Protein chains: 2
Amino acid sequence: MGKENDQIGVVTALVRTAFLVNAVYAESGRGHGLTPQQGQLLCVLMAQPYGMGELSSMLGLAKSSLTGLVDRTERNGLVRREPDPRDSRAVRVALTTRGGRLAEEFYAETCRRIEHLPVSLTGEERTTLAGLLGRIVRDNAVPMVFIELDEAVPAANRQ
Amino acid sequence: MGKENDQIGVVTALVRTAFLVNAVYAESGRGHGLTPQQGQLLCVLMAQPYGMGELSSMLGLAKSSLTGLVDRTERNGLVRREPDPRDSRAVRVALTTRGGRLAEEFYAETCRRIEHLPVSLTGEERTTLAGLLGRIVRDNAVPMVFIELDEAVPAANRQ
DNA sequence: TATTGTTATACTCTATAACTATA
DNA sequence: TATAGTTATAGAGTATAACAATA
């Protein structure tokens, strides 16, 4: 006897999955000398340069927190503040050459590691999962904190 | 023309979902005067008291980081270090009465908020999602960072 | 006046290395 | 000797409030 009920609830599943992904993200960053926050900043900037205010609202941080994060990342030579030609108060934060290279490496390794998480899921199940999570992400207007490149092809093999 | 392909990959879906859950977790904590880390500590301790080493490995933190986190949370009156009767070197970290009350409130509100994330999913889809994520969580041996209580019944209504 | 971004300040979070005390 | 935990130190991350410069 005993109800043999292995099914956990959606809430628990989501929170624990987030914990797992966070850990993988942090570990992947560590391997590249990146804090999770700096890794996240680089990933956001892979899509395009952004202003401080945009980054602030995308990442959910106070503007002064962004100033510090960009300062440190800039000091490490990974990003650069460029003047915004259309508003002399504003700056555009962009990846440096080195930052872009590191971003690609970090992104690729993170993808590789995250991809290993659903080891026991079939291809069809992964598609189902991606579809369901994709709807959650879309419905809740999650900002472009992680771009969508072709997952099937490792970065090293892209032309 | 155009491939009308809204389907994002599993990796992107997982990373963005984690970002979303993190944001909700942080916001929920803020409403209770808790940092995400302190909120997480309280949630872990809802299940049972743990030693510093156990917490360290469950949360993926260096032991000295745990010392600081427990120090601050203890200073706030939310947890307590108790001597381990079986090893005088060790301590058991447990919730205080006030910490337990706050943990329940934080936990309940976090559940409520996370539960709202899959707004557009049917009950069946939520079950499917929970099943798939549950397998990922199980396969990757995610520690008990968020306990599983009856999600259907709000904490306030439990006897 | 409103907005963009930085400074000043004060915590919290985290890790590494060295340490104390007990097993 | 090994293990449990703390201390010392240094840096990163974060927020609030006050500020400067431009729109």
Side-chain angles (χ1 to χ4, degrees), chain A residues 19 22-23 25-44 49-94 145, chain B residues 19 22-23 25-44 49-94 145:
Chain A
F19 179 88
N22 292 342
Y25 205 92
E27 201 185 333
S28 176
R30 213 172 300 141
H32 295 273
L34 290 170
T35 63
Q37 292 82 359
Q38 291 183 16
Q40 187 156 70
L41 177 61
L42 296 194
C43 283
V44 167
Y50 287 102
M52 296 296 284
E54 288 174 310
L55 289 173
S56 175
S57 76
M58 285 177 75
L59 297 175
L61 298 175
K63 282 197 310 186
S64 68
S65 305
L66 237 302
T67 296
L69 178 58
V70 171
D71 282 350
R72 291 183 295 272
T73 314
E74 190 170 36
R75 195 191 310 142
N76 294 346
L78 304 177
V79 302
R80 180 176 46 222
R81 283 174 167 96
E82 300 173 341
D84 184 331
R86 301 194 301 203
D87 185 340
S88 70
R89 293 172 305 181
V91 300
R92 312 294 299 166
V93 183
V145 287
Chain B
F19 179 87
N22 291 343
Y25 206 90
E27 202 186 333
S28 176
R30 213 171 301 141
H32 294 274
L34 290 170
T35 63
Q37 292 83 0
Q38 291 182 15
Q40 187 157 69
L41 177 61
L42 296 193
C43 284
V44 168
Y50 287 101
M52 295 296 284
E54 289 174 309
L55 289 173
S56 175
S57 75
M58 285 176 75
L59 297 176
L61 298 175
K63 282 198 308 186
S64 67
S65 305
L66 237 302
T67 296
L69 179 57
V70 171
D71 283 350
R72 291 182 296 270
T73 314
E74 190 170 36
R75 195 190 312 142
N76 294 345
L78 304 177
V79 302
R80 180 175 45 222
R81 282 173 167 96
E82 299 173 340
D84 184 329
R86 302 194 300 205
D87 186 340
S88 69
R89 293 172 304 180
V91 300
R92 312 294 297 168
V93 183
V145 287

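Proteins come first, then strands; the chains are lettered A, B, ... in the order of their sequence lines, and each starts at number 1. Computed over heavy atoms, backbone and side chain alike; hydrogens, waters and symmetry mates excluded. In this text the structure is predicted, and so the values were computed from the model without any measurement.
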Send over the distance from Leu59(A) CG to dG13(D) P, rounded to a whole Å.
12 Å
Measure the distance from CG on Asp71(B) to C1' on dT6(D) and round it to the nearest whole Å.
8 Å
Taking ring pair (Phe, Tyr, Trp, His ring centres under 6.0 Å) as the definition, give me every residue that meets it alongside Tyr25(B), ordered by chain and number, with sequence neighbours left out.
Phe106(B)
Spacing of Leu34(A) atom CG relative to dA12(D) atom P, expressed in whole Å
12 Å
Between CG of Leu78(B) and P of dT12(C) the distance, given in whole Å, is 12 Å
Any residue of residues 79-92 of chain A with a heavy atom less than 4.0 Å from an atom of DNA chain C
Arg81(A), Arg89(A), Ala90(A), Val91(A)
Among all residues two or more places apart in sequence or in another chain, which pass the side chain to side chain contact (heavy atoms under 4.5 Å, CB included) test with Ala23(A)?
none
Side chain to side chain contact (heavy atoms under 4.5 Å, CB included) with Ser88(A): which residues, sequence neighbours excluded?
none
Provide, to the nearest angstrom, the distance between the CD atom belonging to Glu54(A) and the P atom belonging to dT4(C).
10 Å
Contacts of Ser57(A) meeting side chain to side chain contact (heavy atoms under 4.5 Å, CB included) (sequence neighbours excluded), chain-then-number -> none
What is the nucleic acid contact for Thr67(B), judged by heavy atoms within less than 4.0 Å: base, sugar-phosphate only, or nothing?
base
Grab the two heavy atoms, one from Leu66(A) and one from Ser56(A), that are nearest each other, plus how far apart they are.
CD2-CA, 3.8 Å
Output all residues satisfying side chain to side chain contact (heavy atoms under 4.5 Å, CB included) with Arg81(A), sequence neighbours left out; order by chain, then residue number.
Met52(A), Thr67(A), Val70(A), Asp71(A), Glu74(A), Val91(A)
So which one's nearest nucleotide on DNA chain D is more toward 5', Pro36(A) or Gly51(B)?
Gly51(B)
Any idea which heavy atoms bring Met58(B) and Phe19(A) closest together, and the distance?
O-CZ, 3.4 Å
Counting primed atoms, P, OP1 and OP2 as sugar-phosphate and everything else as base, the B/S/- map of nucleotides 14-20 of chain D against protein heavy atoms under 4.0 Å is BBBB---
Of all residues at least two apart in sequence or in a different chain, which pass the side chain to side chain donor-acceptor pair (under 3.5 Å) check with Arg80(B)?
Glu82(B)
Expressed as a whole number of angstroms, how long is the span from Tyr50(A):OH to dT4(C):P?
16 Å
Euclidean distance, atom CZ of residue Arg75(B) to atom P of dC11(C) [Å, nearest integer]
10 Å
Donor-acceptor contacts, no H, no angles, side chain residues 30-37 of chain B, under 3.5 Å, sequence neighbours left out:
{"unit_1": "His32(B)", "atom_1": "NE2", "unit_2": "Glu109(B)", "atom_2": "OE1", "d": "2.9"}
{"unit_1": "Thr35(B)", "atom_1": "OG1", "unit_2": "Gln38(B)", "atom_2": "N", "d": "3.1"}

Gap between atoms CE and C1', on Met52(A) and dT22(D) respectively (whole Å)
17 Å
